[in-house]
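Okay, so here's the structure we're looking at.
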Amino acid sequence: MLVVLKKSVTESEIDHIRERVEALGFRAHLSRGEVRTVIGLVGDHRGLAKEALLSLQGVEEVHAVTKPYKQVSREWREADTIVEISGGIRFGGPEVPIIAGPCAVESDEQIFGIADQLRAMGASLLRGGAFKPRTSPYSWQGLGEEGLKMLARAREATGLAIVTEALDPDGVDLVAEYADVLQIGARNMQNYPLLRRAGKCGKPVLLKRGMSATINELLLAAEYLLAEGNDDVILCERGVRSFDNHTRNLLDLTAVPVVKALSHLPIIADPSHGTGVRDKVIPMARASVAAGADGLMVEVHPNPPSALSDGAQSLYPEQFSDLMEQIRVIATAIGRSVKGPA
Ligand code: PEP
Ligand code: MN
């Protein structure tokens, strides 16, 4: 339920409305837009009569949010949400930050070397999995906490913010200790206990679309994070299953404008998992920026043939450098800019 306030509403009227909302058993979520100020009611609305709120001073109208997701919807919040990461990196504004790095952290040498290069080429955030969700239980599963420590050391050396994945609810707090952005992977998009825990972790969350998830399911998964009080959510289109096997997944770039119309949350694209094929990554990265993605996630490895995971889709550093030059031009053409390191 949304309580839309009158233009003339005073601060003391707002305080009073919030008190009433809380007395009715809801959390009051105030959002001040350029056009209107609204108070969203978080909680179970069954049995709530609009009249209880309509009669309060300063209230213009009260209406239900029509979408199944509530706080994630544009009805709830008109303005784009800007998710700010340490170091002044902002997702959802005119700048387009680039997250780059290997699929997995493999050693200090690997992650330091590549982080340094990526920073020089203009990436703003360093990615690398320490806990890897592998399709086969016999595949290498990542370095665990040792990998998180390597990422933290690479951040110290380069200043790049860290994006890394948590695989299960019990792992969230550990990953959040090290990460600037906690990633939830495609395979876990509907892991509700994990989402709830991530919603309380105190760090921005990058939520990847499940490989067979509809856009509504993605937005409802994001709703779990906001429902726990975490508004700093970045969505990520990373490709869905298709009937064609020329690529690993079908990067669904229509999700970018569709999500932007339905939600105020930023959405980035991952053309690496979205294609799974190195020479398809650059064209689809260009297309992602052109489609209006609020950032990119790109896998880059110092020596892809030796990568312990996802080597076939990892760019060589020189390719990443070329890509950065190209997307700077595309971003400029649509009134945006590729944000360099903080
Ligand atoms: C990843 O980013 O390393 C990853 C495993 O991605 P996804 O969850 O999209 O498969
Ligand atoms: Mn990967």
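The first residue in the sequence is number 1, and the count goes up from there. Both backbone and side-chain heavy atoms feed into the values below; hydrogens, waters and symmetry mates do not. Worth saying up front: this structure is predicted, and the values here are computed from it rather than measured. We count ligands from 1, going down the list as the structure has it; atoms in each ligand are counted the same way.
- Cluster note: M211 groups with no other residue, as no ILVMFWY side-chain heavy atom lies under 4.5 Å from it.
- For ligand 1, the atoms closer than 4.0 angstrom to any heavy atom of G185 are 8 (O).
- Every atom of ligand 1 with a heavy atom of E299 under 4.0 Å away is listed here by number and element: 3 (O).
- Put simply, no part of R209 is less than 4.0 Å from ligand 1, judged by heavy atoms.
- Paired with E228 under the rule salt bridge (charged side-chain N to carboxylate O under 4.0 Å, His left out), one option of R197, R196, R27 passes, and it is R196.
- Near the Mn ion (ligand 2), less than 2.8 Å away, sit the protein N, O or S atoms C103 SG, H273 NE2, E299 OE2, D310 OD2.
- Here the protein heavy atom with the shortest distance to atom 4 (C) of ligand 1 is H273 NE2, 3.4 Å.
- Side-chain contact of T254 with D252: a donor-acceptor pair under 3.5 Å is present, judged by distance alone.
- Atom 9 (O) of ligand 1 has R238 NE, 2.6 Å as its closest protein atom, hydrogens excluded (heavy atom only).
- In terms of polar-atom proximity, E165 is not counted as a contact of ligand 1, lacking any N or O under 3.5 Å from an N or O of the ligand.
- Residue D270 has no N or O atom closer than 3.5 Å to an N or O atom of ligand 1.
- Taking Ile, Leu, Val, Met, Phe, Trp and Tyr as members and joining any whose side-chain heavy atoms lie under 4.5 Å apart, directly or through other members, the hydrophobic cluster of F26 also contains M1, V3, L5, V9, I14, I17, V21, L24, L30, I39, L41, L48, L53, L54, L56, V59, V62.
- Ranking the protein heavy atoms by distance from atom 8 (O) of ligand 1 puts A186 N, 2.7 Å first.
- Screening residues 48-78 for ring pair (Phe, Tyr, Trp, His ring centres under 6.0 Å), with sequence neighbours left out, gives H29-W76.
- Here K132 has side-chain heavy atoms under 4.0 Å from ligand 1, and that is the only part of it that gets that close.
- By the criterion of side-chain heavy atoms lying less than 4.5 angstrom apart, applied directly or through intervening Ile, Leu, Val, Met, Phe, Trp or Tyr residues, I82 is not grouped with L265; the two fall into different hydrophobic clusters.
- Applying the 6.0 Å contact sphere to CZ of R20 captures no more than 12 heavy atoms from other residues, nucleotides or ligands.
- Counting protein heavy atoms only, atom 6 (O) of ligand 1 is closest to K208 NZ, 2.9 Å.
- In the displayed structure, R241 atom CZ is contacted under 6.0 Å by at most 12 heavy atoms of other residues, nucleotides or ligands.
- Comparing G128, G210, P133, G276 against atom 5 (C) of ligand 1, the shortest heavy-atom distance belongs to P133.
- Between the side chains of D310 and H273, at least one donor N or O lies within less than 3.5 Å of an accepting N or O.
- A donor and an acceptor atom, one from each side chain of R278 and Q313, are nowhere located under 3.5 Å apart.
- The pair D270-K208 counts as a salt bridge, with a side-chain nitrogen and a carboxylate oxygen less than 4.0 angstrom apart.
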